[in-house]
Amino acid sequence: MPPLPQSFFDRPVAELARALLGCRIRLGSVILRITEVEAYAGPEDSASHARFGSTDRNAPMWGPPGHAYVYLCYGIHNMLNITAEAPGRAAAVLIRACEPIAGLEQIVRRRGGRAGPASLAGPGKVGAALELDTGWSGHPLYESGGLSVLAGERPVRVLAGPRVGIDFASPADQARPWRFAVADSPWVSQRRGLELLR
DNA sequence: TCTACGATCTTT
DNA sequence: AAGATCGTAGAT
């Protein structure tokens, strides 16, 4: 199955976030189904890494859509984002949780022998399952080979709610319902604050 | 250079 | 409830 075309990623970031639910991430023999995401916009979004403008770290957010933006969080966790919108407009979708489709043995090995929903619910765990590091930042996801994003089954029902871990942002941006998850999936990091999207 | 602090996870 | 752990951003 070929990766999704770059045009798939060229749309408003919250819209792309929802569209990514159900899609697949492939790296080598590991395939994951995306079950939970968060949208982060440009400088106008006080929760976004883009809030201080363009830097070496967040440069992929300003680049073309459909590229990886990987950064290290708390000195430990490699977080995977997918860039959205046209070049010049900073935006990215954080992948917060996935369901394993293939390569479960490798995932379990990387996570120290553990399996089950908890092993892929949480953005740091997604990075660990794929063995990502910041060297992947900027990588195009619409080309075969390496890290890529494939089409998948769209979820029937979607949950939405405020983003997690952004206490530093303005109240309005904290309230923005830009976190989305596949309803009825056990592969979600936190159900708290999520409500069914109409 | 120097300092403060994370879009987290695990353990207590 | 708190520690791990280190790159990045902003200040000096």
Side-chain angles (χ1 to χ4, degrees), chain A residues 9 12-18 20-21 25 32 34-63 65 67-85 89-100 107-138 141 147 159-181 186-194:
Chain A
F9 306 94
V13 67
E15 198 182 310
L16 176 64
R18 267 171 296 179
L20 281 170
L21 289 178
I25 299 169
L32 308 179
I34 299 173
T35 51
E36 184 186 345
V37 296
E38 279 176 356
Y40 287 90
E44 74 279 10
D45 178 6
S46 66
S48 172
H49 282 179
R51 66 189 183 279
F52 296 127
S54 181
T55 64
D56 285 345
R57 177 174 69 154
N58 67 21
M61 290 186 75
W62 267 268
H67 287 240
Y69 165 38
V70 181
Y71 70 91
L72 187 64
C73 186
Y74 290 95
I76 302 173
H77 308 290
N78 286 287
M79 317 280 262
L80 172 61
N81 297 254
I82 297 175
T83 63
E85 304 188 20
R89 295 179 53 88
V93 176
L94 172 66
I95 308 303
R96 287 195 57 89
C98 290
E99 171 187 348
I107 296 169
V108 168
R109 206 157 50 229
R110 292 164 183 175
R111 300 238 65 251
R114 296 197 177 188
S119 65
L120 275 173
K125 296 174 180 176
V126 172
L130 292 166
E131 276 188 330
L132 291 180
D133 58 57
T134 55
W136 286 102
S137 202
L141 303 171
L147 185 63
L159 304 174
R163 295 169 290 181
V164 175
I166 53 165
D167 294 346
F168 53 86
S170 73
D173 287 332
Q174 287 190 42
R176 214 177 283 278
W178 276 6
R179 176 171 169 239
F180 304 99
W187 306 87
V188 171
S189 68
Q190 303 179 37
R191 282 218 129 65
R192 183 166 169 156
L194 294 176

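Computation of the quantities below employed the complete heavy-atom set of this structure, encompassing side-chain atoms and omitting hydrogens, waters and symmetry-equivalent molecules. All chains are named by letter (A, B, ...) in the order of the sequence lines, taking the proteins before the strands, and each is independently numbered beginning at 1. Note that this is a predicted model, so its numbers are computed, not measured.
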> Using whole Å, report how far CG of A:Asp133 lies from C1' of C:dC6.
15 Å
> Is there side-chain contact between A:Asp133 and A:Val70, with at least one heavy-atom pair below 4.5 Å?
no
> Find the distance A:Tyr40:OH to B:dT8:P and express it as a whole number of Å.
7 Å
> Using side-chain heavy atoms (C-beta onward) and a distance below 4.5 Å, is A:Tyr40 in contact with A:Asn58?
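Side-chain contact under 4.5 Å: no.
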> Both A:Ile76 and A:Thr55 contact DNA chain C. Taking the nearest nucleotide for each, which residue is further toward the 5' end?
A:Ile76
> Between C:dT5 and B:dC2, how far apart are the P atoms? Round to whole Å, please.
23 Å
> Please give, in whole Å, the distance from B:dG6 C1' to A:Asn58 CG?
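Rounded to whole Å, this separation is 14 Å.
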> In whole angstrom, give the distance that lies between atom OH of A:Tyr74 and atom P of C:dG3.
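The answer, rounded to whole Å, is 14 Å.
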> Does C:dA2 have a Watson-Crick or wobble partner in any strand here, with both distances under 3.5 angstrom, and which is it?
B:dT10
> Just the rounded figure in Å: distance from C1' of C:dA9 to CZ of A:Phe168.
13 Å
> May I ask you to say whether A:Arg51 pairs ionically with A:Asp173, meaning some side-chain N is under 4.0 Å from a carboxylate O?
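A salt bridge is absent here (no side-chain N lies under 4.0 Å from a carboxylate O).
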> Are A:Tyr71 and the base of C:dG7 stacked, counting only ring centres nearer than 5.5 Å and planes tilted under 30°?
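No, A:Tyr71 does not stack on the base of C:dG7, since the centre distance and plane angle fail the 5.5 Å and 30° test.
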> Check the distance between B:dA7's C1' and A:Arg176's CZ and give it to me in whole angstrom.
15 Å
> So what does A:Leu72 touch, heavy atoms closer than 4.0 Å: a base, only the sugar-phosphate, or nothing?
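Answer is sugar-phosphate: A:Leu72 comes under 4.0 Å of backbone atoms only.
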> Is there a side-chain contact between A:Arg96 and the phosphate of B:dT8, meaning an N or O under 4.0 Å from OP1 or OP2?
yes
> Looking across every strand, which nucleic acid part, if any, lies under 4.0 Å from A:Arg163 by heavy atom: base, sugar-phosphate, or nothing?
nothing
> So does A:His49 get a side-chain nitrogen or oxygen closer than 4.0 Å to the phosphate oxygens (OP1/OP2) of B:dA7?
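A:His49 to B:dA7 OP1/OP2: side-chain N or O found under 4.0 Å.
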> Given atom CG of A:Asn78 and atom P of B:dT8, what is their separation to the nearest angstrom?
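Going from A:Asn78 (CG) to B:dT8 (P), I get 14 Å.
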> Partner of C:dT12 by Watson-Crick or G-U wobble geometry, both contacts under 3.5 Å, or none?
none
> Does A:Arg163 use its side chain to pair, donor to acceptor, with the backbone of A:Arg176 at less than 3.5 Å?
no
> Just checking A:Ala169: base, sugar-phosphate only, or nothing, at a heavy-atom cut-off of under 4.0 Å?
nothing
> Using whole Å, what does the distance between atom P of nucleotide C:dA9 and atom CZ of A:Arg57 come to?
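Value for this atom pair: 5 Å.
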> Do the side chain of A:Ser46 and the main chain of A:Ala169 share a donor and acceptor less than 3.5 angstrom apart?
no
